[in-house]
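Worksheet: the structure to be examined is printed underneath.
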Number of protein chains: 2
Amino acid sequence: MVPLYILGLLLRFGPQHGYQIKKLLEEQLADFTQIKLPTVYYHLDKMATAGLVLAHTDRQGARPEKTVYEATPAGAKQFEALLRKTLHTTYRPTFDIDASLYFADTLPPHELLLAFAEAESWLCHTVQLIEQHKAETLACLPTQVAVSAGLIFDHHLLHYQAELTWVRQAIRRIKEAAPHDENESN
Amino acid sequence: MVPLYILGLLLRFGPQHGYQIKKLLEEQLADFTQIKLPTVYYHLDKMATAGLVLAHTDRQGARPEKTVYEATPAGAKQFEALLRKTLHTTYRPTFDIDASLYFADTLPPHELLLAFAEAESWLCHTVQLIEQHKAETLACLPTQVAVSAGLIFDHHLLHYQAELTWVRQAIRRIKEAAPHDENESN
DNA sequence: TGACAAATAGTCAGTACTGAGTATAATGAT
DNA sequence: ATCATTATACTCAGTACTGACTATTTGTCA
C-alpha cells in the first residue's frame, strides 16, 4: 500500500523529497490514508536499496543537503505489479469496537448507550465533512480523473453511513434488551 | 485490541495455554479477528512481565512442559480499562483498493471491471456465509449474550453489504465513463 | 533586526505483528 | 505394529510502523 502510493506519486509528479511526498499524500489523500512521515522515509530507503527509486542528494545554495527520490524503470514496473495486486485485495474489515461488544455483558448498559450516542454524533458530523470535501474536490478535477476520485469518496461515504445505521440499530436494541436504565444517573 | 481479547478470555474461561486462547479466538471470533498464534504469545509474554497475567509451568505425566496463563487482579483492572478505551475508539477505515483506484487512469477499464466483477461475486458469497454463521451461532446462545453477538454479526453484515453496493455502483460508473470496451479481448 | 512561530527535512529507538520453523503427542489408517 | 497425519505448544528472526526527537530555514510581526 505505502510503496504503491509513493511510487505512483513519484511517477505522476516527478522526483520529490520525502517531505514533499508526505505533503502530496496530505493534499490529495488525507481522507483516505493516515501515512506518517517516518513511514514514507522507511519505504523510500527500502526501495532505494532495492533499486526501485534513485536517491540523489541535492545541495543548492543553502547549506543543508536534501535527498531527492526518483522512480527508476524497475520502480515503474513494480508500481504496475503493486497496482494490479492491490486491485485484487479482498475486503476484510475488523472493528475494534466489536471486541468491547463481545465483553459487553461486563458493562452496565447505560455506559454502552453513552458511547454509542457519542459515536452517532461523530459519524453524522464526519459524513457531512466528507460530503463537503467531495464536492470541493470534484469541482476542480477533469472528468476522467473525477470518476475514480468520486468512487473513492463514495466508498468512504457508504461505509460511514453503514456504520451510522449500525450504531442507531445498536442503540435501539440495547434499549430494548435493558429497559429503563435511565435512573442510573449520578 | 489483542490484550483486551486475551484478558477477557482468561477472565471468562479461566487459566489457559497460549494455544488454547488461540483456539477460543478461532471458535468464538473467527469472523471478526485474524489474530495469529505468535501474536498471542507476544502479548502473553508482555503482560506476564507487566504483572497482568501469571505464567506457571505445569508438567503433568507427559514430559514436555506447558505454560498456563492466568489473569491477575491487576490484569482484571487493565481489562476494564481497555474495555472502556476500546468502546470509545472511532471508526476510521482505510481501503487498500482505493490506492489502486487513485491510479486507475493508468489501467485499461476492462481490467478494473474484471477485478470488480470478482469482488462482487466474492462479496455475495461472503454475505451469505456470515448470515449462515449468524443463524447457527445465535441459535445456541442465551438471550442476554445473543444481543451483543447479534450486533457484532450485523456490524459485519452491514459493512459487507455497503461494500457490495459500492462495487456495483463502481461497475456501473466505469462502464458509463468508458463505453464499449468489450472488444479488448485477447 | 531580532526574535518567535511555523514549515521543512529528516533520524532513531521502540512496539507490534507474523511467516517460517522446531518439537512432541495423539490419532487414524494399513 | 508402524507409519503418516493432524493437533498441540512454542520460538525466532525479520518486517512494518511510528512517537518523539533533532536541526535548519523561512516568514512575520514588532
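Here the CD-OG1 distance, from Q28(A) to T33(A), works out to 10.5 Å after rounding to the nearest 0.5 Å.
Ring geometry, F116(B) versus W166(B): the interplanar angle exceeds 60°, so the pair is classed perpendicular (tilted spans 30 to 60°). Ring geometry for W122(A) against Y160(A) counts as tilted: the plane angle lies between 30° and 60°, on a 0 to 90° scale. Ring geometry for F95(B) against Y91(A) counts as tilted: the plane angle lies between 30° and 60°, on a 0 to 90° scale.
Considering only side-chain N and O atoms, H43(A) lies under 4.0 angstrom from the phosphate OP1 or OP2 of dC17(D). The phosphate of dC17(D) has neither OP1 nor OP2 within less than 4.0 Å of any side-chain N or O from Y42(A).
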Considering only nitrogen or oxygen atoms on both sides, find all protein atoms under 3.5 Å from nucleotides 7-11 of chain C and state each distance.
from, atom 1, to, atom 2, distance (Å)
dT8(C), OP2, Y19(A), OH, 3.2
dT8(C), OP2, K23(A), NZ, 2.7
dA9(C), OP1, H17(A), ND1, 3.1
dA9(C), OP1, K66(A), NZ, 2.8
dG10(C), OP1, T67(A), N, 3.0
dG10(C), OP1, T67(A), OG1, 3.3
dG10(C), O5', Y41(A), OH, 2.7

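Paired with V40(A) under the rule side-chain contact (heavy atoms from CB on, under 4.5 Å), one option of D45(A), L9(A), I6(A) passes, and it is I6(A).
Put simply, CE on M47(B) is 15 Å from C1' on dT15(C), counting in whole angstrom units. Atom-to-atom, OH of Y5(B) to C1' of dC17(C) comes out at 17 Å; the value is rounded to the nearest Å. One atom, CD1 of I21(B), and another, P of dA9(D), lie 11 Å apart when rounded to the nearest Å. Rounded to a whole Å, the NZ atom of K36(B) is 17 Å from the C1' atom of dG21(C). Between the C1' atom of dT15(D) and the CE atom of M1(A) lies a distance of 17 Å, rounded to the nearest Å. K22(B) places its NZ atom 14 Å from the C1' atom of dC10(D), with the value rounded to the nearest Å. The CD atom of Q16(B) sits 16 Å away from the C1' atom of dC10(D) (whole-angstrom rounding).
Of the residues in residues 90-101 of chain B, not one places a heavy atom less than 4.0 Å from an atom of DNA chain D.
Proximity of the aromatic rings of F32(A) and Y102(B) is defined here by a centroid distance below 6.0 angstrom, and this criterion is not met.
Residue pairs that meet the side-chain hydrogen bond (donor to acceptor under 3.5 Å, both in side chains) test with at least one member in residues 124-134 of chain B, sequence neighbours left out, are D31(B)-H133(B), Q132(B)-E136(B), K134(B)-D154(B).
Taking 4.0 Å as the cut-off between side-chain N and carboxylate O, E176(A) and R172(A) do not count as a salt-bridged pair.
V68(A) and L37(A) are assigned to two separate hydrophobic clusters, defined by single-linkage of ILVMFWY side chains at heavy-atom distances under 4.5 Å.
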